[in-house]
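This report refers to the structure that appears directly beneath it.
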Protein chains: 2
Amino acid sequence: MRTLKHSRQREAIKEFLMTRTDHPTADIVYDNLRNEFPNISLGTVYRNLALLSEIGEIQKLTTGTGADRFDGNINPHYHFICKECHCVQDLKMDTMDALTEEASKHFDGKLDGHLAYFYGTCGDCIKKS
Amino acid sequence: MRTLKHSRQREAIKEFLMTRTDHPTADIVYDNLRNEFPNISLGTVYRNLALLSEIGEIQKLTTGTGADRFDGNINPHYHFICKECHCVQDLKMDTMDALTEEASKHFDGKLDGHLAYFYGTCGDCIKKS
DNA sequence: ACAATATCAGTAATGATTTCTATTATCGAA
DNA sequence: TTCGATAATAGAAATCATTACTGATATTGT
């Protein structure tokens with residue numbers, strides 16, 4: 001069987017994500033990890049981000065523009081994507097389970113959950129314009 | 001100013017999407033269009049799919065696994081993605097505007113709308129297992 | 001300490017999408 | 001109906017994000 005061995009790189013990747021709320025890309029994680037691990041490889045970052053999101057310790061966000069982003073916060077929540085500056089923000093709502101349940105009524109398979117991406121203009125970009 | 005000129009290829013791409021409910025990828029559109037346009041270029045397909053979704057005549061779906069998919073149905077609806085066979089199905093719900101409104105209450109920018117992707121196992125895959 | 005093997009760094013390869021360039025098609029105006 | 005401006009094309013090359021490969025290193029149970 002495949003056992004999971006500890007890795008300092010993987011631990012550091014997860015710790016880094018926990019300190020951020022801006023949903024960084026693999027590239028940004030890589031740049032920051034190089035302080036602690038000057039020789040870390042981008043492949044290692046990608047491999048561990050994929051592993052961590054597979055086992056549910058982080059969340060992968062596919063926004064549709066640019067690279068995937070990663071979120072260290074795995075509490076259920078939605079995301080907002082600004083169409084001007086492309087920033088990504090958390091959006092807490094307590095109706096998520098209800099929506100999955102409602103959707104299940106109209107569906108003949110089995111629903112496990114859902115993701116939602118809200119789009120619009122963020123507060124900062126509104127001020128600037 | 002940039003004016004839009006008619007193109008038989010673009011028209012055919014849109015017409016093809018209207019005949020399908022399975023949300024094909026650019027590659028699949030390309031393969032099918034070659035019947036009518038033996039020399040059509042994949043670049044042309046991508047360019048027109050991007051243009052059509054920019055002007056709101058089709059919808060682009062970024063599923064997180066594999067290539068983007070495209071939907072000729074622009075009536076508001078959600079999508080379901082099967083985690084077994086990766087098929088994509090429409091999921092009609094009449095609470096979409098209400099969810100955007102609800103989310104707006106907790107957000108300091110301006111929300112235009114949202115996309116949601118439900119995941120789980122489709123009816124066919126349940127039968128097979 | 002040793003053996004088994006998961007993980008690594010570094011690099012090459014892949015897949016999806018975009019960009020570039022010279023040619024062709026569209027369309028309003030003459 | 002032709003002309004000129006330019007949007008759109010085919011085909012190919014380039015880019016971007018991500019994954020796979022390879023030989024070396026780190027981790028863990030015994």
Side-chain angles (χ1 to χ4, degrees), chain A residues 1-17 22-55 57-71 81 86 88 117, chain B residues 1-17 22-55 57-71 81 86 88 117:
Chain A
M1 78 194 93
R2 70 169 233 283
T3 64
L4 202 62
K5 284 184 181 168
H6 180 260
S7 123
R8 298 189 301 121
Q9 289 90 336
R10 180 160 60 237
E11 189 176 39
I13 289 170
K14 185 173 177 193
E15 266 174 23
F16 172 71
L17 277 184
D22 64 341
H23 316 82
T25 62
D27 232 43
I28 293 170
V29 174
Y30 173 64
D31 279 345
N32 282 273
L33 268 277
R34 295 179 78 172
N35 295 326
E36 190 178 352
F37 300 90
N39 295 331
I40 196 171
S41 152
L42 185 55
T44 295
V45 173
Y46 270 105
R47 179 161 24 78
N48 281 300
L49 287 172
L51 176 55
L52 287 169
S53 71
E54 260 171 42
I55 64 181
E57 297 201 5
I58 65 173
Q59 196 191 340
K60 181 172 101 163
L61 306 180
T62 301
T63 65
T65 43
D68 286 346
R69 290 162 167 271
F70 297 89
D71 191 343
I81 300 165
H86 301 115
V88 177
Y117 297 95
Chain B
M1 76 194 92
R2 72 170 230 284
T3 64
L4 202 62
K5 283 185 183 168
H6 180 261
S7 123
R8 297 191 303 122
Q9 288 88 337
R10 180 160 62 238
E11 189 176 37
I13 288 169
K14 184 170 179 200
E15 266 174 25
F16 172 71
L17 278 183
D22 64 341
H23 315 82
T25 61
D27 232 42
I28 293 170
V29 174
Y30 172 64
D31 278 345
N32 282 274
L33 266 278
R34 295 178 77 173
N35 295 325
E36 190 178 353
F37 299 90
N39 296 329
I40 196 169
S41 153
L42 186 53
T44 295
V45 173
Y46 271 105
R47 180 164 21 79
N48 281 301
L49 287 172
L51 175 55
L52 287 169
S53 71
E54 260 172 42
I55 63 180
E57 297 201 5
I58 65 173
Q59 196 189 342
K60 181 173 101 164
L61 305 180
T62 301
T63 66
T65 43
D68 286 346
R69 291 164 166 270
F70 297 88
D71 191 343
I81 301 165
H86 301 115
V88 177
Y117 297 95

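Both backbone and side-chain heavy atoms feed into the values below; hydrogens, waters and symmetry mates do not. Protein chains get the first letters and strands the later ones, always in sequence-line order, with residue 1 at the start of each.
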field: Bend angle of the helix from dA1(C)-dT30(D) to dA30(C)-dT1(D), end axes from five pairs each (to 10°)
entry: 40°

query: Quick one: salt bridge (Lys or Arg N to Asp or Glu O under 4.0 Å) partners of D22(A), sequence neighbours excluded?
result: R20(A)

task: Tell me, please, which residues at least two apart from R10(A) pass side-chain hydrogen bond (donor to acceptor under 3.5 Å, both in side chains).
output: N48(A)

- request: Return no unless some side-chain N or O of T44(A) is found under 4.0 Å from OP1 or OP2 of dA9(C).
  value: yes

query: Taking all atoms of both residues into account, what is the closest heavy-atom pair of Y117(B) and I81(B), and its distance?
result: CD2-CD1, 3.7 Å

field: Partner set under side-chain hydrogen bond (donor to acceptor under 3.5 Å, both in side chains) for H86(B), not counting sequence neighbours
entry: none

- line: Under a 4.0 Å heavy-atom criterion, DNA chain D is touched by chain A from dA17(D) to dT28(D)

field: First of N39(A) and R2(A) reached from the 5' end of DNA chain C, by closest nucleotide
entry: R2(A)

For T62(A) against G64(B), the heavy-atom pair lying closest together: OG1-CA, 3.6 Å

Considering only distance and modelled atom types, tabulate donor-acceptor pairs under 3.5 Å from the side chains of residues 35-46 of chain B, sequence neighbours left out.
residue	atom	partner	partner atom	Å
N35(B)	ND2	N32(B)	O	3.2
S41(B)	OG	G43(B)	N	3.0
T44(B)	OG1	R47(B)	NH2	3.2

- prompt: Do you know which two heavy atoms are closest between H23(B) and V88(B), and how far apart they sit?
  reply: ND1-O, 3.2 Å

Reading 5' to 3' through nucleotides 17-29 of chain C, protein heavy-atom contacts under 4.0 Å coded B for base, S for sugar-phosphate only, - for none: BB-------BS--

message: Could you work out, with salt bridge (Lys or Arg N to Asp or Glu O under 4.0 Å) as the rule, every residue matching D71(A), not counting sequence neighbours?
response: none

Polar atom pairs between nucleotides 12-15 of chain C and protein, under 3.5 Å, N or O only, would you list them?
none

message: Which residues pass the salt bridge (Lys or Arg N to Asp or Glu O under 4.0 Å) test with E57(B), not counting sequence neighbours?
response: K14(B)

- prompt: Can you name the side-chain hydrogen bond (donor to acceptor under 3.5 Å, both in side chains) partners of E15(A), sequence neighbours left out?
  reply: none

message: In whole Å, I'd like the distance from the CZ atom of R34(A) to the C1' atom of dG10(C).
response: 12 Å

message: Applying salt bridge (Lys or Arg N to Asp or Glu O under 4.0 Å), can you list everything that pairs with K5(A), at least two apart in sequence or on another chain?
response: none

- request: Could you check how far CD1 of I40(A) sits from C1' of dG10(C), rounded to whole Å?
  value: 13 Å

Distance in angstrom units between L49(A) CG and dT7(C) P, rounded: 14 Å

- request: Could you tell me which non-hydrogen atom of F70(B) sits nearest to which non-hydrogen atom of T25(B), and how far apart they are?
  value: CD1-C, 4.5 Å

- request: Check A12(B) against L33(B) and note the closest heavy-atom contact, atom names and distance.
  value: CB-CD1, 3.5 Å

